[in-house]
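Following: one structure in C-alpha cells, then a few remarks.
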Protein chains: 2
Amino acid sequence: MTIEREYTTKLAVDGVTIDRRDVEMLDAIDRHGSMHKAAEALGRSYARLQNRVVEIEDAVGPITERQRGGSGGGGTELTETARELRRQFDRHDAALGGVAGITESVFPGTVRDRTGELATVETEIGSILALVPDDATEVQISVRSDAVVLTDPEETPRADGTSLRNQFTGTVEGIESGDAITRVTIRFAPEGMIQALVTNASVDRLALESGQSITASFKATAARGVRLEPSADE
Amino acid sequence: MTIEREYTTKLAVDGVTIDRRDVEMLDAIDRHGSMHKAAEALGRSYARLQNRVVEIEDAVGPITERQRGGSGGGGTELTETARELRRQFDRHDAALGGVAGITESVFPGTVRDRTGELATVETEIGSILALVPDDATEVQISVRSDAVVLTDPEETPRADGTSLRNQFTGTVEGIESGDAITRVTIRFAPEGMIQALVTNASVDRLALESGQSITASFKATAARGVRLEPSADE
DNA sequence: GTTCGTAGTATCTATGTCGATACAACGCCG
DNA sequence: CGGCGTTGTATCGACATAGATACTACGAAC
C-alpha cells in the first residue's frame, strides 16, 4: 500500500473560492488576449468560462477589461487584481507542494506541560517542544525535514543564543545526495531517527559522513503535534 | 480584498483518493460500530456510505471487518489499515494546515547561479540561496515564518558550522505576542522585512526588544521560489 | 454599410454524485 | 421458528456542473 499525499490549492477571496481551474483560465486569457481563444485553448465552453469570469468579478471586483467590437472584434485583458491573485495562488500552491513533497520524521509521545498551544512532549528521543492541538495528550510529533538544522556539535551555540528550542545529538546513519540537495538520516540513542534536507554544499562544509556525531535542531514552531487517540466520543 | 489561503487534504492510495469525507466516515464507523449508525450520525445515506467502503476496499484491501447477522444484527469494525490511513491523513492535514495558516515573507528577485533546483537569487535584502523551479529567472522567494531562526549577532555561529545557508542581520521592528508564540518582524537595511515565529520563551532568552540588532537565518531548503513572469507562450 | 471576431445571454442536454427507497440475506437470541 | 438489527444490492429521482448550441450586441476597419 503506497500512500501519496495530495492536496488541492484554493484561495477564498471575499465571496468566491478560486481554484486551479480559475487560475488556468486567467492564464489562458492573459496569453491569448480573448476569452474565446482561451476557452478553445482550454477545451472549455465559452459560455461557462465567461460566466465564471463574471461570477468572480461580482465578488472581487474587476479582474478583466473586456471590450467588444473594435479592431479585431475586441478582446480581454487581465487587471492587476487578476495578476495578484495568480501570484498569491502560485505562492500558496508552492508552499503546499513543499509540504506534500517533503519527508517528515514522526515521534509518538505524550504531552507533559502545556502553555497555550505550545507543549512539552515526551518521546523516545527525549522531550520535544512543539505546537499541539488543545485537547490532545497522546500525540504524534512530526517535523519537516527541511526545517531541521544540522550543526557541528563542537560549535553548536549555547541554547540561549538561538530560537532553536529543540536540539538532539546523534550519529549520521545515511546520506542520499541529489543534484543539489542531500537527505541526511540521523540516528539517536535508542531507536529514534530524524531526516534532514540540506544542500550538498552544507554536507561538504560539515564534512558529513556515516557514523559521525552531529547535532540536529529544529524550532518549536516547526514541530507539529497531531492527536493520536482520536476524537472523543460524542 | 481579503485573501484566505485554503486547501483540501487528500491521500492517493493505490487506486483511490481518500478525502476528508472518507476519513470522517471511518471515524464514525469506529465510534458507532456499525455503518448504519455511522450513516445516520453523518446524515448520509447508508447505501452510498456502504458503496464507498467497498470501493475503497477494492483498491487498498480490507479496511473493515463487517459482520451481518448475529447478536445485535452484526456490525463493522475498522482494521489497522484504516487506522493507519486516518493517522496519515491527520498528519498530512496538520502539515497543510500549518502552511496555510502561517505568514510568509516574500522577496522578489532574479536568479543568478543555479545548480539543479538550487539557485542563488538576487533580492533587495541580498543574495538568497533557495529552491527555484527549473526554468524561472524572475522569481518570488517566500520564506515561512516558522522556518526563520533568530540568533544574537554576537553569538551567531560561523557560517561553516551550520546548515543554515541564509543569514541576514537587521533590527527588530515589531513584536506581537500571543499565548505561547510571538511574531517578530525584522527590518533589513533598505526596505526588506522578514517575519519570524518564535516561542515567547525565546523572546525572553534573546531579550528581544524593538530596535535591537538581530540575525535571522533560514535554510536554503526552506526558501522556495515561485516563477514570477508566467508560463511561456505556447 | 458590410464584415469580422469578439463579448454577452439564454436554453437544452449530458453527466456524475448522492439521497431515498425498497427488498433480500444473514445469524444470534428468545 | 420468528424477531431484530445488521450488511448487501438495485433502482429511481433530485441536484449541480458544464458542454453544446444558437442567437444578439458591439465597434473599428475596410
Side-chain angles (χ1 to χ4, degrees), chain A residues 8 10 12 15-79 81-82, chain B residues 8 10 12 15-79 81-82:
Chain A
T8 61
K10 296 177 187 172
V16 289
T17 299
I18 287 165
D19 60 11
R20 168 163 280 109
R21 201 163 187 253
D22 294 321
V23 173
E24 282 169 356
M25 176 180 75
L26 294 179
D27 232 53
I29 292 173
D30 197 25
R31 282 203 307 272
H32 295 99
S34 89
M35 299 198 294
H36 262 106
K37 285 180 188 159
E40 192 189 8
L42 295 173
R44 298 183 52 177
S45 74
Y46 168 80
R48 287 290 148 192
L49 186 144
Q50 195 268 355
N51 281 351
R52 183 58 180 161
V53 168
V54 171
E55 204 173 312
I56 295 177
E57 293 199 324
D58 283 347
V60 312
I63 58 172
T64 57
E65 283 176 8
R66 310 198 290 282
Q67 186 187 4
R68 66 175 167 181
S71 99
T76 299
E77 300 288 330
L78 296 190
T79 64
T81 303
Chain B
T8 61
K10 296 176 186 171
V16 289
T17 300
I18 287 165
D19 59 13
R20 168 164 282 107
R21 201 165 187 251
D22 293 321
V23 173
E24 283 168 356
M25 176 181 75
L26 294 180
D27 233 53
I29 291 173
D30 197 22
R31 283 204 305 273
H32 295 98
S34 89
M35 299 199 293
H36 261 109
K37 285 179 188 157
E40 192 190 7
L42 295 173
R44 298 182 53 177
S45 75
Y46 168 79
R48 287 289 147 192
L49 187 143
Q50 196 269 354
N51 280 350
R52 183 57 180 162
V53 168
V54 171
E55 204 173 312
I56 296 177
E57 293 199 324
D58 283 347
V60 313
I63 58 171
T64 58
E65 283 176 8
R66 311 198 289 281
Q67 186 188 5
R68 68 174 166 182
S71 98
T76 299
E77 300 289 329
L78 296 189
T79 64
T81 302

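So that the names make sense, note that chain A is the first sequence line, chain B the second, and so on, each numbered from 1. Note: hydrogens, waters and symmetry copies are ignored here, and every other heavy atom, side chains too, is used.
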Nucleotide nearest R21(B) (side chain, heavy atoms from C-beta), chosen from dG19(D), dT6(C), dC18(C): dC18(C)

Closest-nucleotide ordering on DNA chain D, the 5'-leading residue of G73(A) and R66(B):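 Nearer the 5' end of the strand: R66(B).
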
Using atom names, set out every protein N or O paired with an N or O of nucleotides 28-30 of chain C below 3.5 Å, distance rounded to 0.1 Å.
residue	atom	partner	partner atom	Å
dC28(C)	O4'	S71(B)	N	3.4

Filter on ring pair (Phe, Tyr, Trp, His ring centres under 6.0 Å), then keep only pairs touching residues 35-76 of chain A, sequence neighbours left out; what's left? H36(A)-Y46(A)

Interface residues of residues 45-65 of chain B with DNA chain D (non-hydrogen, below 4.0 angstrom): Y46(B), A47(B), Q50(B)

Give a yes/no on whether any side-chain N or O of R68(A) is located under 4.0 angstrom from OP1 or OP2 of dG5(C). no

Within the structure, does a side-chain N or O atom of K37(A) lie under 4.0 Å from either OP1 or OP2 of dG5(C)? no

Can you list everything that forms a side chain to side chain donor-acceptor pair (under 3.5 Å) with S45(B)? Sequence neighbours excluded, please.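 Expected list: none.
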
Without placing hydrogens or testing angles, list every side-chain donor-acceptor pair under 3.5 Å for residues 15-23 of chain A, not counting sequence neighbours.
residue	atom	partner	partner atom	Å
D19(A)	OD1	R21(A)	N	3.2
D19(A)	OD1	D22(A)	N	3.0
R20(A)	NH2	D93(A)	OD1	2.8
R20(A)	NH2	D93(A)	OD2	2.6
D22(A)	OD1	R52(A)	NE	2.8
D22(A)	OD2	D19(A)	N	3.2
D22(A)	OD2	R52(A)	NE	3.4
D22(A)	OD2	R52(A)	NH2	2.7

Partner set under side-chain contact (heavy atoms from CB on, under 4.5 Å) for [X], not counting sequence neighbours:
| X | value |
| --- | --- |
| T64(A) | V53(A), E57(A), R66(A), T76(A), L78(A) |
| Q67(B) | none |
| S71(A) | none |

What is the distance, rounded to the nearest whole Å, between atom CE of M35(A) and atom C1' of dC26(D)? 13 Å

